[in-house]
Amino acid sequence: MQEEVEQKSLTLTVNAAKMTARLFRAAIAKYVAHKKEKKHDAQTGVHYVGRQSVKKLVGQNQGVSNVELSGEDIKAFERVARKYGVDYAVKKVKGDAPRFLIFFKARDADALNAALSEYTSRKMHGKEHSKLREKLRAPIERVVTHKKQREQSR
């Protein structure tokens with residue numbers, strides 16, 4: 001009885017080892033076949049999405065256009081561009097005021113137009129809020145100064 005249990009457990013262990021080796025070999029074969037089938041970038045075999053270097057963007061041979069963007073808040077533009085799935089590259093232009101050149105694929109022109117319109121509307125919306133805060137701050141300051149004057153006169 002003991003010998004039979006040992007024999008079955010040994011058979012189970014050997015079969016499990018053979019099965020894992022076969023599965024591992026099959027997975028590696030599928031991975032290699034997938035890598036051979038899917039070539040996006042001629043040099044690396046990788047398809048880049050979103051923000052990337054200008055060199056990688058130009059290397060995809062899909063035509064590149066650019067837009068100049070002035071302002072310090074480039075992160076807000078990157079959030080919107082990521083939302084619209086635009087492949088782009090950012091290059092900072094030297095000078096007094098911060099300016100950026102946004103390079104993008106020609107096929108992404110419509111998506112970039114939508115992203116830029118949303119970005120500008122967000123920027124304008126933020127300016128309206130700051131003007132509103134300034135308008136509200138003036139009466140509050142008057143009340144505070146009035147209270148200080150009353151306390152000093154007592």
Side-chain angles (χ1 to χ4, degrees), residues 9-148:
S9 64
L10 183 64
T11 305
L12 178 67
T13 306
V14 169
N15 285 341
K18 285 181 182 177
M19 184 176 71
T20 56
R22 269 188 262 133
L23 284 174
F24 183 70
R25 187 175 54 206
I28 293 294
K30 283 189 176 187
Y31 175 74
V32 169
H34 174 73
K35 287 302 272 182
K36 283 183 181 178
E37 174 187 315
K38 218 168 193 174
K39 290 273 185 176
H40 292 290
D41 191 6
Q43 288 85 20
T44 61
V46 177
H47 176 68
Y48 297 99
V49 178
R51 185 174 183 165
Q52 51 198 283
S53 69
V54 177
K55 187 175 182 179
K56 289 177 185 174
L57 192 67
V58 171
Q60 294 177 10
N61 295 327
Q62 294 188 5
V64 176
S65 301
N66 68 347
V67 172
E68 186 173 326
L69 193 67
S70 61
E72 295 181 21
D73 194 14
I74 194 71
K75 292 289 183 187
F77 171 76
E78 288 179 350
R79 276 187 232 114
V80 174
R82 205 175 316 123
K83 176 182 170 183
Y84 282 92
V86 177
D87 297 339
Y88 64 96
V90 178
K91 185 79 171 174
K92 188 172 185 178
V93 179
K94 293 181 180 179
D96 296 335
R99 292 182 347 191
F100 298 95
L101 283 176
I102 309 294
F103 293 93
F104 60 96
K105 292 181 187 176
R107 67 176 177 82
D108 289 342
D110 293 334
L112 186 81
N113 285 338
L116 283 174
S117 65
E118 183 174 331
Y119 170 72
T120 54
S121 69
R122 283 187 181 185
K123 291 291 278 183
M124 291 300 163
H125 187 66
K127 287 181 181 177
E128 290 173 6
H129 280 293
S130 63
K131 289 179 183 177
L132 181 63
R133 287 184 189 130
E134 289 174 11
K135 287 179 184 177
L136 290 174
R137 189 175 298 136
I140 292 171
E141 288 176 1
R142 276 189 256 139
V143 169
V144 170
T145 55
H146 183 67
K147 283 184 179 180
K148 286 182 182 178

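What you are looking at is a predicted structure, and each value in this text was computed from that prediction instead of being measured. Side chains included, hydrogens not; waters and symmetry mates left out as well; all remaining heavy atoms used. Counting begins at 1 with the first residue of the sequence.
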Closest heavy-atom pair and its distance - A114, S117: O-OG, 2.8 Å
List for me each residue that meets salt bridge (charged side-chain N to carboxylate O under 4.0 Å, His left out) alongside R51, sequence neighbours excluded, and say none if there are none. E78
Rounded to the nearest 0.5 Å, how far does CG of L116 lie from OH of Y84? 10.5 Å
Side-chain heavy-atom pair V90, L101 within 4.5 angstrom cut-off: no
Could you tell me whether the side chain of K91 reaches within less than 4.5 Å of the side chain of F103, counting heavy atoms only? yes
Residue pair K94 / R99, side-chain heavy-atom distance below 4.5 Å: no
